[in-house]
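Residue numbers begin at 1 in each chain, while the letters A, B, ... track the order of the sequences.
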Amino acid sequence: MYRTALRNVLAHKGRLLMTALAVMLGTAFVAGTLVFSDTMGQAVRNSYSKSYSDVSVLVSDKWSRSAENGPKAAGEKKREALTDATVKDFAALPGVERARGVVTGFTAVADKKGNLIGEAWSAQGSNFAPDASGQDSRYPMVQGRGPKAAGEIALNKQAADKAGYQVGDKVRVAGNGAAEDTTLTGVFTSDDPQVTSGGTLVLMDTATAQQRLLEAGHYSSIALTAKSGVAESALLDAAKAKLPADVFDLETGQQLKDEQSEMVTRSVTGMKSMLLVFAGISLFVGIFIIVNTFTMLIAQRLKELALLRAVGASRRQVTNSVLVEALMIGVIASVSGLLLGIGIGAGMQSLLAGVNEGMPTGSLVIAPATVIGTLVTGIVVTVLSALIPAIRASRIPPVAAMSSGDLPSTQRGLVVRNSIGTLLAGGGIALILLGAFSKGSGGRTYLELGAPVTLIGVFVLLPLLSRPVVALVGPLLGKVFGTPGKLARRNAVRNPRRTASTAAALTIGLTLVTAVTVIGNSVTSTVTRLVAGSMKADYTVSMANHDEVARELAPVIAKANGVTAASPVGNVMWTMAGDRKAVQGFDAAAFDQLVKVDMTSGSTGALKQGQILVNDEFAGKHQLHQGSTLKLEVDGGKTVDLTVGGVFERNDALSPVIASNTLIDQYDSDSFVTEILVKGKDGATPALKQAVKEATGSNPVIQVLTEKDKVDEFSRIITTMLNIMYGLLGMAVLVAVLGVINTLAMSVFERKREIGMLRAIGLDRRGIKRMVRIESVVISLFGALIGVGLGCFLAWAAIRVLAADLNGLTTAVPYGSVALFLLLAALVGIIAALWPARRASRMDILSSIKTD
Amino acid sequence: MSTSTAYAAHTGLAAARATGLNKVYGEGDTRVVALDNVSVSFGQGEFTAIMGPSGSGKSTLMHCMAGLDTVSSGSATIGETELVGLKDKQLTKLRRDKIGFVFQAFNLLPTLTALENITLPMDIAGRKVDKAWLDRVVETVGLSGRLSHRPAQLSGGQQQRVACARALASKPEIIFADEPTGNLDSRSGAEILSFLRNSVRELGQTVVMVTHDPVAASYADRVVFLADGRIVDELTNPTADSVLDRMRRFDAKGRTS
């Protein structure tokens with residue numbers, strides 16, 4: 001039997017090619033993901049492992065970390081700090097070779113045009129701490145020297161190269177305050193992860209760094225290097241004893257390395273799982289193709305298999321012979337998939353390194369798990385997919401060998417299948433609807449359960465759906481494309497199972513693509529709707545790194561040319577009955593000019609009298625109205641009584657509670673200014689923007705944006721996310737295309753005689769080509785239509801569920817994109833038909849019509 | 001032996017003609033001469049049977065004359081049209097407009113109804129169906145009640161009648177039938193043959209049929225005998241016995257020579 005199987009594989013090389021390709025692509029995706037993420041992980045870990053090589057113990061000041069953004073919690077006031085004295089104390093500890101005070105904080109560098117180099121989140125500044133020889137071993141200079149005084153900086157080589165800076169150039173740098181022109185005294189390289197991961201790093205002398213990034217005389221951390229032979233843990237205990245408890249974080253170098261390594265592993269694992277989900281989708285799509293191929297192959301070999309049974313092969317032997325065939329394809333496809341995947345992994349790495357020069361690179365990691373996992377997945381998927389066709393093959397009665405003439409395609413009743421499908425789809429849709437209309441968090445569970453059940457149900461029902469859906473376009477096909485169109489339509493619904501499983505592959509891809517597109521579009525349009533019209537301000541001034549805007553900038557901006565009003569937006573969290581509530585502050589005088597609110601009672605003028613405004617929702621929840629008193633616990637634990645001066649309609653751009661900045665400052669000196677609102681005389685004009693920019697010192701970190709800019713930035717993020725999704729789902733669609741090619745090629749082969757007859761009675765080659773092409777388009781469009789419909793439905797349900805967390809989120813179907821998807825599906829059909837149509841049109845008439 | 005200025009039953013004009021037709025397959029050692037300088041004409045309104053043992057070249061002759069196969073040398077015409085040298089496109093058009101086909105295996109499209117199968121050549125050509133003619137054809141083949149059936153719902157004989165109706169419906173200049181009864185039981189076969197004969201007698205159709213069955217050949221007006229790629233004999237107004245008798249003679253000759 002095995003020899004028979006091998007012969008069959010060899011005899012049907014061409015027809016099995018598409019199946020093997022489909023499996024290969026799926027497994028290549030799996031292998032590529034594994035290789036790429038392992039390689040990335042190792043490269044990143046390697047680059048980080050060097051960063052703590054001379055750190056035995058790191059003492060860090062929790063609250064000075066630049067990562068601490070956002071409104072500060074109450075009760076985080078004055079505290080112990082790391083000072084020169086602390087550094088000296090540590091240096092004096094026995095076992096300490098060296099103690100190094102480190103200052104770090106956000107520092108941006110402008111290029112020659114005044115724009116930020118790199119990304120705001122990866123722009124840092126630190127202190128240059130030279131030893132007796134004037135060198136800092138951490139930052140070896142490749143050009144020039146380290147900074148010695150205020151107004152001097154050194155820059156990492158990548159950043160300097162990117163902007164084209166030479167030693168001696170004027171370089172504009174900025175922290176959270178005003179920008180400053182400095183002189184570049186040196187260019188350095190470093191294995192600091194800040195640098196190796198592609199960020200920019202500005203070095204200043206210690207005193208300047210402290211002043212700019214922290215407070216004079218303070219350090220953000222102290223790195224201790226142990227004398228040789230001294231254990232890190234011993235040093236840790238010694239250092240701990242020196243410090244007041246719980247104020248500082250102390251970690252050994254090993255702990256830091258472990259932490260970092262764990263962090264890398266976590267982020268790589270996250271990426272890996274996401275990619276594997278998409279690889280899984282591609283493989284799932286492949287299953288339909290494998291099932292289809294083997295079903296068709298068995299139908300074509302009906303007589304042959306019946307003959308085997310007639311001459312004494314057992315059912316099991318017939319099943320096994322099919323499975324062995326699948327195994328051979330699985331092995332060949334998986335091995336080539338693995339090789340291709342390794343190539344993809346390597347390619348991805350160099351691609352990323354090319355795009356992002358800071359990307360750490362390393363040698364390719366091909367873990368044994370990758371090899372085994374990929375091969376096992378590919379082989380198991382192939383063999384399992386062939387199982388049902390194989391069992392069907394064993395049911396072929398031996399007598400079938402004797403029957404003559406055309407084999408009627410066995411149209412077994414679809415009744416059972418349709419009943420199951422209706423049950424599944426109906427149940428799934430019911431669950432989804434339950435989720436969409438239920439209140440609270442339960443909806444999500446229903447949706448997560450309902451979505452896959454519905455999908456499977458619809459797939460089971462696809463054969464049933466094929467006839468009515470194709471019938472919709474049927475009359476049109478006949479009219480526009482004549483006889484080939486009519487024949488194509490009939491061919492498309494001729495074997496509903498085959499059409500269905502071919503289309504299903506496309507349906508999966510289109511369902512997912514449509515769903516993410518609709519959700520993305522809905523989020524974007526909702527955000528646009530919310531942002532648009534909530535503010536009267538023409539520009540908002542904010543920091544590119546989302547840090548606090550220096551409030552001193554507000555009066556400066558207000559004086560700029562063309563500015564009629566400016567107000568900082570201060571944010572604090574005050575406590576009400578144990579719950580922290582966000583309170584937003586504006587300058588009362590400028591409020592009306594900058595913010596648009598619809599008052600249901602009272603007026604915005606109340607802000608000037610030291611009263612607060614609350615939104616209607618908040619008011620309703622806490623039984624507040626104009627004139628009532630709100631008790632709030634402010635910074636420092638004191639409770640104050642605030643008078644409600646008015647109630648406004650909920651506006652998602654504003655906090656439920658609004659106060660004047662004067663009122664807030666009275667109780668809280670630490671309000672966090674997220675942005676400054678600016679209104680101009682003539683609206684948002686380039687001149688106003690320029691004036692505001694100049695007033696803020698042409699700081700590369702400060703953004704002056706209109707509402708539209710903000711929406712655009714947001715939609716750019718969504719678009720990027722969507723594009724990544726499209727890219728990843730593209731593989732599944734590619735596999736689906738292979739499926740369409742496969743089905744068409746096999747159908748053409750099976751209908752050889754019909755095609756020969758059509759040619760004989762006068763259908764020309766073009767007509768034959770057209771017939772195959774239209775059939776392909778019909779099948780593709782059928783799959784796409786169902787997918788688009790299903791995708792829209794799922795997105796609608798998901799948006800209803802998400803709306804519970806994201807107020808105001810409503811479904812907005814991007815009709816243009818949906819139409820484009822259908823158009824692309826039609827194009828996919830045409831492309832998939834290229835080869836089969838050509839083959840069909842080139843068939844020799846005589847050999848086609850010859851009976852065997 | 002009657003002369004080969006074959007009798008053109010009604011008008012004396014030839015519907016199809018082959019002159020010095022040669023068909024050679026392969027080269028060198030594997031060279032096979034399928035047709036060896038064959039000249040024959042099929043008269044209009046005549047029912048001709050081409051007979052011969054397997055490998056005699058009878059099917060090849062039909063394929064060459066019907067524009068399904070290319071010839072090595074010589075000439076083949078349908079009506080006034082010379083087939084040799086025509087491009088695929090022109091040949092396709094010629095087959096569509098001037099030739100009807102009936103094959104051994106029923107060669108109907110399973111997705112179309114009987115009626116749709118019958119009108120298929122006209123549909124392909126985008127020609128209007130002559131309703132009165134169609135009704136007459138359908139009535140003649142006795143399919144009136146079954147026009148909306150799919151081929152799978154029809155018996156073998158009925159399917160072949162559909163195929164005949166398809167060949168007739170477009171009023172071709174000539175119908176080529178390749179072993180039309182090969183897959184049928186004798187009763188269905190007899191029906192088809194009577195039908196083909198009636199289409200010649202009553203509808204004035206020209207039919208050329210390839211067969212190896214003397215009984216089938218006896219329905220024809222004239223039988224052309226082929227052996228080893230050559231026309232060896234012909235017979236007019238044949239009966240099954242006279243055909244069989246001729247066949248035996250070739251056999252005997254074959255053995256003695």
**Distance, nearest 0.5 Å, that separates OG1 of A/T483 from CE of B/M122** = 11.0 Å
**Message:** Within a 6.0 Å radius of atom NE2 on B/H212, are there more than 12 heavy atoms belonging to other residues, nucleotides or ligands?
**Reply:** no
**Request:** Verify the neighbour count for atom CD of B/Q90: are there more than 12 heavy atoms of other residues, nucleotides or ligands below 6.0 Å?
**Result:** yes
**Prompt:** Under a 4.0 Å N-O cut-off, is there an ion pair linking A/K486 with B/D123?
**Reply:** yes
**Message:** Other residues, nucleotides and ligands only: do more than 12 of their heavy atoms fall within 6.0 Å of CD1 on A/I388?
**Reply:** no
**Fill in**
Looking only at B/L91, B/I99, B/L120, B/D97, the option with the highest number of non-hydrogen pairs under 4.5 Å against chain A is B/L120
**Fill in**
So, the part of B/E116 with a heavy atom under 4.5 Å from chain A: the answer is side chain
**Prompt:** Above 12 or not: heavy atoms from other molecules or residues under 6.0 Å from CZ of B/R230?
**Reply:** no
**B/R95 side chain reached by A/D764 side chain, heavy atoms, under 4.5 Å** = no
**Request:** Count the heavy atoms belonging to other residues, nucleotides or ligands that lie under 6.0 Å from CZ of B/R17, then report whether that count exceeds 12.
**Result:** no
**Asked** What part of B/K93 lies closer than 4.5 angstrom to a heavy atom of chain A: side chain, backbone, both or neither?
**Response** neither
**Message:** Does atom CG (B/D228) have a neighbourhood of more than 12 heavy atoms from anything else shown, all under 6.0 Å?
**Reply:** no
**Message:** Less than 4.5 Å to any heavy atom of chain A: does that hold for the side chain of B/L112, its backbone, both, or neither?
**Reply:** both
**Message:** Between B/L109 and A/M757, is there a side-chain heavy-atom distance shorter than 4.5 Å?
**Reply:** yes
**Asked** Side chain, backbone, both or neither: which part of A/L846 has an atom under 4.5 Å from a heavy atom of chain B?
**Response** side chain
**Request:** Please examine the side chains of B/P110 and A/R490, heavy atoms only from C-beta on, and report whether any two atoms are closer than 4.5 Å.
**Result:** no
**Prompt:** Taking all atoms of both residues into account, what is the closest heavy-atom pair of A/A760 and B/F103, and its distance?
**Reply:** CB-CZ, 3.8 Å
**Contact origin within B/L68 toward chain A - heavy atom pairs under 4.5 Å** = both
**Request:** Determine whether B/R166 and A/I761 make a side-chain contact, defined as any pair of heavy atoms from C-beta on separated by less than 4.5 Å.
**Result:** yes
**Request:** Tell me, with the steps shown, if B/D88 and A/R759 meet side-chain contact (heavy atoms from CB on, under 4.5 Å).
**Result:** CA-CA 10 Å; B/D88 179 75; A/R759 292 274 291 123; 2.9 Å; yes
**Complete:** One should read off an interatomic distance between A/L763 CG and B/I124 CD1, to the nearest 0.5 angstrom, of 4.5 Å
**Item:** Per-residue contact mode, A/R766 against chain B (heavy atom under 4.5 angstrom)
**Value:** side chain
